[in-house]
Enquirer: 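Here you go, one structure.
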Amino acid sequence: MITRALVIKLGLGQLISWGTAYYLIGNFGTLIAQHHGWSSSVVYAGFSLSLLTMAVVSPFCGRMIDRHGGRIIMTMGSCLNALGCLILAFADQQILHFIGWIILGLAMRATLYDAAFATLARIGGRDARRAMGQITLFGGLASTVFWPLGHLIQSECGITIALVAYAGFALLTIPMYAAIPDARHGAPSGTTLNSTDNTNDTSNADDHGLPTHQRLCGFLYAVIVTLLNVVNAAMSAHMIAILIGLGLTTAAAINAASLRGIGQSAARAAEILFGKRIAPASLTLFATAVLPLCFVLAFWGDRFAIAAMTFTLLYGAANGVLTITRGTLPLMIFGNARYGHQVGRLLVPGFILSALAPSLYERAIAHWGPNGALWLSIGLLACACGAAIWLYLLLRPQRSETRPALIVR
C-alpha cells in the first residue's frame with residue numbers, strides 16, 4: 001500500500017519540515033538574538049525547550065498515529081510548524097519567543113522522521129523498511145537546501161520576512177501529508193519475535209502486555225538511540241569548535257565538517273540499494289562499531305587533514321545508516337502493532353538528554369578541552385556499541401529461523 005507517490009510526498013514533506021523547524025536555529029539563531037537585543041543563550045534555550053516538548057508529547061503522538069494514522073497528526077503538525085515560525089517572526093518578548101519554540105516542538109514531533117516512520121509502519125508493516133530509507137534521502141538534504149535559501153531571503157528582506165517565508169514553506173507540506181492514506185497493513189501483529197521466546201505468554205508480560213524478551217530488546221533500543229542522540233546533538237553544536245580546538249584552521253574545520261552530510265546521504269543511498277538482505281540489528285551493530293573508531297581518528301586531525309576528513313565522513317555515514325535502523329529496528333522487535341506508541345515511549349529519554357547535550361558538552365570542553373569531549377563521545381558510543389551487540393545476540397535466533405521461509409518463498 002506504500003506507493004511511489006506517497007514516498008515522494010512524504011520525502012518532500014520531510015525535507016521542508018526539517019528545514020523550516022529543526023534547522024531554523026542554525027540559520028537564524030544568532031540573527032534573532034541580535035534583532036531583539038537578547039543573549040544568544042535565550043534563543044538556544046528556546047530550542048532546548050522545543051526538544052523537551054518533543055519528549056513530553058512523544059508517547060501521545062505515537063498513540064494517536066497508531067489509532068488514527070499519520071494524515072491527521074502530520075497535517076496538524078504542518079499547521080503548528082507554520083504557527084511557530086510566525087510567532088518567532090513577530091515575538092518581541094522572551095515569553096512569546098519560548099511559546100513559539102514550544103509550538104515548534106509539537107510540530108517537530110508530529111512531522112519529522114519518527115512520526116513518518118510510525119505512519120509508514122502502520123500502512124506497510126514490514127514492507128515499510130525500504131520506504132523509511134527512501135524518505136531519509138529527502139530529509140538529509142534539508143540543511144543543504146534551507147540554510148542557503150534562508151540566508152538568501154534574510155539578506156534580501158530581513159529576519160522577520162525570512163521567518164514568515166518559512167511559515168509559508170511549512171504550509172506547503174499540508175497537501176503532502178493530507179494525501180497519506182487512512183489504511184492499516186493487515187491485522188496488526190503483536191510481535192515478530194520467534195516462538196521460543198513465549199511471546200504469547202501473558203504471564204511473562206509487563207503492564208503493557210509485552211513479554212520479557214521484547215521488553216529487554218526495547219530497553220536496549222532505547223539505550224542505543226539515547227546515546228546516539230546525545231552525541232549527535234553535541235556534535236551538531238560543537239563539531240567545528242572541537243576541530244578548531246584540536247589545531248585545525250577555521251576553514252579546514254568547516255570543510256571537514258561539511259563532509260558529514262555527504263557521508264550521511266551516501267550511506268543512506270547504499271542502504272536502500274544494498275541493505276535489503278541485511279537485518280536492521282546487523283546494520284546497527286556495524287554502524288555503532290564504526291562510530292567510536294572514527295572518533296579516534298579525530299585525535300590526528302591537527303597533523304593530517306585526511307584524518308579529520310575521514311572522521312567526519314565516517315561519522316556522517318554511520319549516522320545515516322542509524323537514522324534508518326532507528327525506524328526499522330522496532331518493526332523487527334514489536335511488529336507493526338502499536339508501533340507508534342512503543343517507539344514514542346522509548347524515544348523520551350533521547351529527546352530529553354539531547355536537549356541538554358549541547359550545554360553539557362560546552363562545560364566538558366571548558367573543563368577538559370576538545371580532547372576530553374572526544375573521549376567522552378568515545379565512551380558513550382562504546383556503550384551504545386555494547387548495547388547493539390547485546391541486541392544483535394537477542395535477535396539473532398529470529399534471523400536463523402526466518403531464513404528458510406525466505407528461501408521457500
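All values below come from the heavy atoms of this structure, side chains included, with hydrogens, waters and symmetry mates left out.
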Enquirer: Provide the full list of side chain to side chain donor-acceptor pair (under 3.5 Å) pairs with a residue in residues 64-82, sequence neighbours left out, each pair given once.
Expert: Thr20-Asn81, Ser78-Thr173
Enquirer: Would the distance check show the side chain of Thr226 and the main-chain N or O of Val223 forming a donor-acceptor pair, the cut-off being under 3.5 Å?
Expert: no
Enquirer: List the atom pairs, with distances to 0.1 Å, where a side-chain N or O of residues 159-171 and a protein N or O form a donor-acceptor pair under 3.5 Å, not counting sequence neighbours.
Expert:
residue : atom : partner : partner atom : Å
Tyr166  : OH   : Asn27   : ND2          : 3.1
Tyr166  : OH   : Phe146  : O            : 2.9

Enquirer: Quick one: does any side-chain atom of Gln342 pair with a main-chain N or O of Pro330 as donor and acceptor, under 3.5 Å?
Expert: no
Enquirer: Pairs under 3.5 angstrom only: tabulate donor-acceptor contacts from the side chains of residues 134-141 to other protein residues two or more places apart or in another chain.
Expert:
residue : atom : partner : partner atom : Å
Thr136  : OG1  : Gly133  : O            : 2.5

Enquirer: Taking only residues two or more places apart in sequence, or in another chain, which ones meet Arg260 in a side-chain hydrogen bond (donor to acceptor under 3.5 Å, both in side chains)?
Expert: Asn232, Ser236
Enquirer: Looking at residues at least two apart in the chain, or sitting in another chain, which of them share a side chain to side chain contact (heavy atoms under 4.5 Å, CB included) with Gln34?
Expert: Thr30, Leu31
Enquirer: Taking the side chain from Ser17 and the backbone from Gln14, do they hold a donor-acceptor pair closer than 3.5 Å?
Expert: no
Enquirer: Pair up each side-chain donor or acceptor in residues 364-377 with any protein partner under 3.5 Å, not counting sequence neighbours, and list the distances.
Expert:
residue : atom : partner : partner atom : Å
His367  : ND1  : Arg363  : O            : 2.9
Ser377  : OG   : Tyr361  : OH           : 2.8
Ser377  : OG   : Ala373  : O            : 2.9

Enquirer: Any donor and acceptor pair, going by atom type alone, linking the side chain of Thr325 with main-chain N or O of Thr328 inside 3.5 Å?
Expert: no
Enquirer: Enumerate the side chain to side chain donor-acceptor pair (under 3.5 Å) contacts for residues 109-119, please, sequence neighbours excluded, ordered by first and then second residue.
Expert: Ser58-Arg109, Tyr113-Arg268, Asp114-Arg326
Enquirer: Decide if atom CZ of Phe286 counts as having more than 12 heavy atoms of other residues, nucleotides or ligands within a radius under 6.0 Å.
Expert: no
Enquirer: Which residue pairs satisfy the salt bridge (charged side-chain N to carboxylate O under 4.0 Å, His left out) criterion with at least one member in residues 128-137, sequence neighbours excluded?
Expert: Arg129-Glu271
Enquirer: Write down the atom of Leu331, the atom of Gly125, and the distance for their closest heavy-atom approach.
Expert: CD1-O, 3.5 Å
Enquirer: Of all residues at least two apart in sequence or in a different chain, which pass the ring pair (Phe, Tyr, Trp, His ring centres under 6.0 Å) check with Tyr23?
Expert: Trp147
Enquirer: If we ignore hydrogens and angles and just use 3.5 Å, is the side chain of Ser155 paired with the main-chain N or O of Leu152 as donor and acceptor?
Expert: yes
Enquirer: Ignoring hydrogens and angles, write down the donor-acceptor pairs under 3.5 Å from the side chains of residues 83-97, residues two or more places apart or on other chains.
Expert:
residue : atom : partner : partner atom : Å
His97   : NE2  : Trp101  : NE1          : 3.1

Enquirer: Can you name the side-chain hydrogen bond (donor to acceptor under 3.5 Å, both in side chains) partners of Ser359, sequence neighbours left out?
Expert: none
Enquirer: Could you name each residue pair satisfying salt bridge (charged side-chain N to carboxylate O under 4.0 Å, His left out) that touches residues 368-391, not counting sequence neighbours?
Expert: none
